[in-house]
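Please read all numbers here as calculations on a predicted model, not as lab measurements.
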Amino acid sequence: MKNQSVTNNLDWISIGIYITMVILGWLNIYSSSLSSVPDETSIFDISQIYGKQFLFIVLSFPLIFIVLSVDGKFYEKFSSVIYIIGLLALAGLFVFGKTVKGQANWYSFGSFGLQPSEFVKAATSLALAKYLSDVQINLKDINRQIQALGIIFLPMAMIAVHDPGSALIFSVFILVLYREGLPSWYLWTGFIALLLFVLALIIKPLVLSGIALLVIILIYLRSRIINRNWIASAIIFISVSGFAFSVNYVFENVFKQHHRDRFNILLGKEVDMKGIGYNTNQSEIAIGSGGLFGKGYLEGTQTKGGFVPEQHSDYIFTTVGEEWGFLGSILVISLFVGLIMRIIYLAERQKTKFSRVYGYCVAGILFIHFFVNIAMVAGIFPTIGVPLPFFSYGGSGLWGFTILLFIFLKMDANKVNEW
């Protein structure tokens with residue numbers, strides 16, 4: 001009887017949005033891959049991209065059944081074990097990983113591949129939720145901060161070796177920590193560091209240091225005598241200057257060439273519409289050509305012509321923009337915003353801190369994927385290979401996001417049994 005009550009309390013609004021997005025995603029994958037397929041090919045042919053995605057979608061439903069069948073307390077009790085298994089899966093890539101497009105972040109099983117980083121997002125969310133739900137945890141304590149950040153940065157560092165774009169996603173957990181009491185200076189420091197990084201690529205480090213010195217002097221002079229601290233001001237100036245001068249070294253020696261090219265194009269330092277900038281340029285053309293109402297489903301000339309590489313995966317939103325137009329794009333964006341806001345609403349009404357923190361992790365991961373992908377295809381963010389949840393092609397991505405979401409929906413349904 002208990003299991004029945006949990007099933008009845010599932011949030012069907014979230015499930016309805018999920019099903020809608022998966023269906024719309026498959027329709028767009030079908031359209032984006034149709035140009036290279038013979039007319040007589042079946043829509044269920046798994047030798048084709050859309051056929052494989054249809055199989056992935058079908059297999060998602062038994063996966064959902066398994067997730068919902070497991071007792072809600074299982075995820076909390078075994079969160080550490082799940083996290084360790086995730087780390088071992090990432091470590092195994094260094095030995096058994098298959099290299100795809102220069103990145104050894106896949107396990108190969110015949111014609112199919114499995115990307116563990118997509119599943120480690122859920123594992124890290126569970127581990128972080130478990131850690132923060134401990135009654136002894138106070139994120140004002142520097143030791144607790146280091147431990148919490150360690151849970152995030154360990155898988156992040158392992159993934160960054162193969163796929164820096166996927167590693168970036170883990171930075172959203174900082175917002176979850178902030179929600180749970182992490183001092184705000186972490187956010188400000190991160191934002192300022194990102195701003196300085198971009199400025200150092202545009203402005204010479206010496207000039208940037210001069211600007212920083214001028215700003216610090218003005219703030220120092222405007223402060224009251226009692227609040228002036230020249231030592232702190234000097235430390236800030238040295239830190240900013242050191243960071244500014246180190247950016248060029250990091251950019252030239254740590255970043256790979258295709259990463260440097262994408263940043264340079266975004267910053268207007270290079271114009272290469274036939275090379276590294278081709279994808280973004282064609283994506284902007286496709287989205288812009290859709291107008292208000294779009295060209296109609298299966299009628300996109302850019303899409304049917306195959307002008308946008310990887311349009312079925314990272315650039316799937318270009319199909320939405322071209323064939324469904326501005327109104328269709330707003331519909332898709334509204335679905336994402338609606339799902340994220342719904343998860344935040346559900347997270348706030350949880351009876352346990354573990355479930356609440358996990359819910360915010362789910363909302364954060366979906367948000368950063370959605371935001372970065374849309375910004376990427378619109379040409380306002382470098383191309384870093386971040387898929388659009390439930391829309392982009394790939395079994396690992398679809399299953400990873402499905403598990404991530406439905407674990408939380410199981411927790412939410414199980415709150416009727418919480419005290």
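Under the 6.0 Å cut-off for aromatic ring centres, F119 and W399 do not qualify, their centroids lying 6.0 Å or more apart.
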Determine whether Q145 and Y186 satisfy the following criterion, side-chain contact (heavy atoms from CB on, under 4.5 Å), listing intermediate values before the conclusion.
CA-CA 10 Å; Q145 294 171 14; Y186 277 93; 2.4 Å; yes
Verify side-chain contact (heavy atoms from CB on, under 4.5 Å) between L177 and L128, making sure each step is shown before the conclusion.
CA-CA 9 Å; L177 294 181; L128 190 62; 3.9 Å; yes
So W106 and S396, side-chain contact (heavy atoms from CB on, under 4.5 Å) or not? Walk me through it.
CA-CA 10 Å; W106 294 83; S396 295; 4.0 Å; yes
Applying side-chain contact (heavy atoms from CB on, under 4.5 Å) to L327 and F293, what does each step give before you reach the verdict?
CA-CA 6 Å; L327 295 180; F293 298 103; 3.4 Å; yes
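Of all the heavy atoms in L208 and A244, the pair that sits closest is CD2-CB, 3.8 Å. Between K121 and I169, the shortest heavy-atom contact is CE-CG2, 4.3 Å. Pairing each heavy atom of M21 with each of L339, the nearest pair is SD-CD2, 4.1 Å. Closest approach of L87 and P155 over heavy atoms only: CD2-CB, 3.9 Å. The shortest non-hydrogen separation linking V172 to G364 is CG2-O, 3.4 Å. Of all the heavy atoms in L132 and L139, the pair that sits closest is CD2-CD1, 3.9 Å.
Taking the six-membered ring where the residue is Trp, H369 and F401 present perpendicular rings, their angle passing 60° and hence far from 30°. Using a 30° and 60° split on the angle between ring planes, Y30 and W26 fall in the parallel class, below 30°.
More than 12 heavy atoms of other residues, nucleotides or ligands lie within 6.0 Å of CZ in F237, so this atom counts as buried by the packing criterion. No more than 12 heavy atoms of other residues, nucleotides or ligands lie within 6.0 Å of CZ in F96, so this atom counts as exposed by the packing criterion. Taking a 6.0 Å sphere around CZ of F94, one finds it holds more than 12 heavy atoms contributed by other residues, nucleotides or ligands.
How far CD1 of I407 is from CZ of F74: 9.0 Å, rounded to the nearest 0.5 Å. Interatomic distance, L93 CG to I159 CD1, rounded to the nearest 0.5 Å: 9.0 Å. Rounding to the nearest 0.5 Å gives a distance of 8.5 Å between CG of L126 and CG of L404. I344 contributes atom CD1, which lies 14.0 Å from atom CZ of R349 (distance to the nearest 0.5 angstrom). Taken to the nearest 0.5 Å, the CG atom of N143 stands 6.5 Å off from the CD atom of Q147. Within the model, atoms CD1 of I403 and CD of E118 stand 11.0 Å from one another, a figure rounded to the nearest 0.5 Å.
Counting heavy atoms from C-beta outward, F317 and N28 have side chains that stay 4.5 Å or more apart. Counting heavy atoms from C-beta on, the side chains of M156 and F173 never come closer than 4.5 Å. Annotation: side chain of F370 is in contact with side chain of I333 (closest heavy-atom distance under 4.5 Å). Contact check for F197 versus F243: side-chain heavy atoms found under the 4.5 Å cut-off. Inter-residue side-chain proximity for M411 and E76 is flagged as unmet; no heavy-atom pair is nearer than 4.5 Å. S133 has its side chain out of reach of T352: every pair of non-hydrogen atoms, C-beta onward, lies at least 4.5 Å apart. Looking at T402 and I64, their side chains come closer than 4.5 Å, going by heavy atoms from C-beta outward. A 4.5 Å side-chain heavy-atom check between F245 and S209 finds at least one atom pair inside the cut-off.
S32 contributes a side-chain N or O that, together with a main-chain N or O of I29, makes up a donor-acceptor pair within less than 3.5 Å. Between the D314 side chain and the N373 main chain, no donor and acceptor come within less than 3.5 Å of each other. Under a 3.5 Å cut-off, the side chain of Y107 and the backbone N or O of A89 do form a donor-acceptor pair. Under a 3.5 Å cut-off, the side chain of S79 and the backbone N or O of A127 do not form any donor-acceptor pair. Listed for the Y393 side chain is no donor-acceptor partner under 3.5 Å among the backbone atoms of Y50. A donor-acceptor distance shorter than 3.5 angstrom exists from the side chain of Q350 to the backbone of L346, with no hydrogens or angles considered. No donor-acceptor pair closer than 3.5 Å links the side chain of Y358 to the backbone N or O of Y75. With hydrogens and angles ignored, the 3.5 Å screen pairs no side-chain donor or acceptor of S31 with any backbone N or O of L27. E323 places no side-chain N or O within donor-acceptor distance of the main-chain N or O of G294, the cut-off being under 3.5 Å.
In summary, the side chains of Q311 and T319 do present a donor paired with an acceptor at a separation below 3.5 Å, with no hydrogens or angles considered. A donor-acceptor contact under 3.5 angstrom links the side chains of E348 and Y360, judged on distance only. For the residue pair S289/K295, the side-chain donor-acceptor check at 3.5 Å is satisfied.
The ring-ring contact (aromatic ring centres under 6.0 Å, His included) test with Y18 is passed by exactly one of F336, F390, F391: F390.
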